[in-house]
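Written out below as structure tokens is the structure these notes cover.
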Amino acid sequence: MAAIANRVELNKRPPRHRWFPWRKKKRTISVVKGDHQKGDTGAKKVLKPIKKSLPKPPRPDAQNRHRRNVMTGGFMTVIVILAIIGSPLFSLSKISAPATRNLTGTQIVRASGLQVGQPLWTVWGHQQKIFNTAKANNDMIHHLTISRDGFRGVKLNAEEYRQAGYLLRKSKYYVVIENGRILSTALSRPVAGYPVYSGFSHDDTFATVIKQYAGLSSDIKRGISQIDLSPTKSNPERLHMFMNDGNEVYATAATFGAKMKYYPEIVAQMNGKGIINLEVGAYSYPFGFDDNAVSSSDSGNSSSQSTTTGSVTTTTGNAASSAVNQQSSH
């Protein structure tokens, strides 16, 4: 009777940790070994687990309500953050750009595509995209740096391609930059300090000339006034250059950049103004003499001597011309 009473009492007792079934302990009952009809004296009680589990209690409404509150709070937080980011408090209020030599601040800002009132999140993290846009909109822009100017302002620092001169076409002058591009804006007259290219078309020869010019030193660049394409049967890439000091230079498009660095030394060996030929080797002669005659006279001399024929001086014997000759042989 005691065993039956214990079983009934256990079944009536509520489970521990009612709302956390995974923490519920196994319930046990007491069973008496031996003959139930005999008395309880000397009987040993052994607890055995109940094999049949109780039904799982339903999820309480309080827990469902908490879950709904968490989801609603998270959704509202995201909406508030987006509203703040898109508000005028997080938009561009100022865009500044220092002018360069050939670009104004307005041109740089317009090329970047940025506008006042634009959300800040469209700027930070998108610097490379803005740079690509500016480079596509303006050929003069070589590099663009974006920095903060206060909390809501940006500053654009542009680095431009250096100008290589002006291309003369139909009495109009077009700006040429050192990457070989020709700007579409036509000018009625060039600005001093840059050479004028005449007789060229936008082809490989012109691109080679611009590349050679870009490698010259600043002093030699400033000394060139005009570069004309003057082809011959023997040299279709012959260049005729007019210098600001009054001299004239003949050279080849593919090699004039390497040979022009010796121009100051060659001029120092001359007695007056004249013509310097850098096509093959290097020699100079005054104005009024035939270039072909000088070339024939120079070819008969050895490269280690300096020969004077009348007032014509070949400079193949000096150090600068020797270096030019060695470079030409290679």
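Nothing here was measured: the structure is a model prediction, and the numbers come from that model.
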Check: Q212 side chain, T255 main-chain N or O, donor-acceptor pair, under 3.5 Å: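 No, because the side chain of Q212 does not come within donor-acceptor range (under 3.5 Å) of the backbone of T255.
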Main-chain N/O of L278 paired to K259 side chain as donor or acceptor, under 3.5 Å: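 Between the backbone of L278 and the side chain of K259 there is a qualifying donor-acceptor contact (under 3.5 Å).
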Shortest non-hydrogen separation from [X] to [Y] and the atoms involved:
{"X": "L183", "Y": "Y174", "answer": "O-CD2, 3.5 Å"}
{"X": "M241", "Y": "A251", "answer": "CE-CB, 3.9 Å"}
{"X": "Y213", "Y": "E178", "answer": "CE2-OE2, 4.5 Å"}
{"X": "R181", "Y": "D139", "answer": "NH1-OD1, 2.9 Å"}
{"X": "P236", "Y": "P231", "answer": "O-CB, 3.2 Å"}
{"X": "R148", "Y": "F151", "answer": "NH1-O, 3.7 Å"}

V191 and Y173: CA distance, side-chain angles, deciding distance, side chain to side chain contact (heavy atoms under 4.5 Å, CB included) verdict: CA-CA 10 Å; V191 178; Y173 297 90; over 6 Å; no
Please assess L216 against I224 for the test side chain to side chain contact (heavy atoms under 4.5 Å, CB included), listing each intermediate value before the final yes or no. CA-CA 11 Å; L216 297 176; I224 301 175; 3.9 Å; yes
Point-to-point distance, once rounded to the nearest 0.5 Å, from [atom1] of [X] to [atom2] of [Y]:
{"X": "S198", "Y": "I227", "atom1": "OG", "atom2": "CD1", "result": "11.0 Å"}
{"X": "Q115", "Y": "L92", "atom1": "CD", "atom2": "CG", "result": "10.0 Å"}
{"X": "N244", "Y": "R222", "atom1": "CG", "atom2": "CZ", "result": "10.5 Å"}
{"X": "L156", "Y": "Q127", "atom1": "CG", "atom2": "CD", "result": "11.0 Å"}
{"X": "R238", "Y": "S230", "atom1": "CZ", "atom2": "OG", "result": "5.0 Å"}
{"X": "H143", "Y": "F131", "atom1": "NE2", "atom2": "CZ", "result": "6.0 Å"}

How about [X] and [Y]: do any of their side-chain heavy atoms sit closer than 4.5 Å?
{"X": "I108", "Y": "L144", "value": "yes"}
{"X": "I275", "Y": "F287", "value": "yes"}
{"X": "V175", "Y": "T185", "value": "no"}
{"X": "T208", "Y": "E237", "value": "no"}
{"X": "R169", "Y": "I182", "value": "yes"}
{"X": "P286", "Y": "M270", "value": "no"}

Please report the C-alpha distance between E248 and I276 in whole Å, then the side-chain angles of each, then the deciding distance to 0.1 Å, and finally whether the side chain to side chain contact (heavy atoms under 4.5 Å, CB included) criterion is met. CA-CA 6 Å; E248 297 181 15; I276 301 173; over 6 Å; no
Among V123, V109, D149, whose side chain to side chain contact (heavy atoms under 4.5 Å, CB included) with V154 holds?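 It is V123, the one option of V123, V109, D149 that forms the side chain to side chain contact (heavy atoms under 4.5 Å, CB included) with V154.
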Is there a continuous path of hydrophobic side-chain contacts, each under 4.5 Å between heavy atoms, that joins [X] to [Y]?
{"X": "M243", "Y": "V209", "value": "yes"}
{"X": "L229", "Y": "V176", "value": "yes"}
{"X": "W124", "Y": "I130", "value": "yes"}

In this structure, are over 12 heavy atoms from other groups packed under 6.0 Å from [X] atom [atom1]?
{"X": "D204", "atom1": "CG", "answer": "no"}
{"X": "K221", "atom1": "NZ", "answer": "yes"}
{"X": "R110", "atom1": "CZ", "answer": "no"}

Can you say whether the rings of Y197 and F200 are parallel (under 30°), tilted (30 to 60°) or perpendicular (over 60°)?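 Correct class here is perpendicular.
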F256 and V249: side chain to side chain contact (heavy atoms under 4.5 Å, CB included), yes or no, with the steps? CA-CA 10 Å; F256 93 93; V249 178; over 6 Å; no
What I want to find out is whether E160 reaches R101 closely enough, with some N-O distance under 4.0 Å, to be called a salt bridge.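 A salt bridge is absent here (no side-chain N lies under 4.0 Å from a carboxylate O).
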For the residue pair N277 / Y250, report whether a side-chain donor-acceptor contact shorter than 3.5 Å exists.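 No pair is found: no donor N or O on one side chain lies under 3.5 Å from an acceptor on the other.
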Check the side chains of Q107 and N138 for a donor-acceptor pair under 3.5 angstrom, ignoring hydrogens and angles.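 The criterion, which ignores hydrogens and geometry beyond distance, is not satisfied for Q107 and N138.
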